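Scroll down for the structure; my scribbles are underneath it.
Start at 1 with the first residue, then count along the sequence. These figures come from a predicted structure and were not determined experimentally.
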Amino acid sequence: MLTYNVGFINVNDEQDETQLDIQEYNSEDAEIIELINLILSLKDEMGIKEVTYIECVGYEDEEE
């Protein structure tokens, strides 16, 4: 699993942040697509108006 911090402006024009986990793939493109799709699926629920940053903060080995 890859963990990303995603900063965004919410519907109240306030800075907010969430942490998202995605499956690690052999292709960076596939990981980016999954992350973007996850952000888009949460857009309305979390009130995301504008994404301000995306930062990879960790990797977790699933075998642990």
Side-chain angles (χ1 to χ4, degrees):
M1 286 292 222
L2 294 170
T3 302
Y4 287 87
N5 283 342
V6 179
F8 61 93
I9 304 295
N10 64 25
V11 293
N12 298 321
D13 291 323
E14 299 170 337
Q15 183 72 30
D16 205 348
E17 181 181 79
T18 189
Q19 194 167 73
L20 302 174
D21 295 324
I22 63 164
Q23 184 69 36
E24 184 176 12
Y25 296 96
N26 291 334
S27 165
E28 187 176 319
D29 290 343
E31 293 166 355
I32 291 170
I33 290 169
E34 181 175 339
L35 181 60
I36 290 170
N37 284 337
L38 183 55
I39 292 168
L40 289 173
S41 72
L42 295 170
K43 179 182 178 285
D44 292 334
E45 179 181 332
M46 298 185 68
I48 298 172
K49 283 178 52 177
E50 176 183 340
V51 173
T52 55
Y53 66 87
I54 298 173
E55 121 185 283
C56 185
V57 293
Y59 164 80
E60 182 180 315
D61 191 356
E62 291 183 36
E63 295 176 9
E64 293 179 1

Contacts of T18 that satisfy side chain to side chain contact (heavy atoms under 4.5 Å, CB included) - sequence neighbours left out: V6, F8, L20, M46
Neighbour count above 12 (heavy atom, 6.0 Å) for Q19 CD: yes
I9 reachable from Y4 in the ILVMFWY side-chain graph, under 4.5 Å edges: no
Spacing of N26 atom CG and E31 atom CD [to the nearest 0.5 Å]: 8.5 Å
Heavy-atom check, side chain of M1 versus side chain of E24, under 4.5 Å: no
Inter-residue atom distance L40.CG - L35.CG, 0.5 Å rounding: 9.5 Å
Heavy-atom check, side chain of I39 versus side chain of I54, under 4.5 Å: yes
Pairs satisfying salt bridge (Lys or Arg N to Asp or Glu O under 4.0 Å), at least one member in residues 5-19, at least two apart: D13-K49
Atom pair CG (N37) and CD1 (I32), whose distance is rounded to the nearest 0.5 Å: 12.0 Å
Single-linkage hydrophobic cluster, 4.5 Å side-chain cutoff, L38 and Y59 together: yes
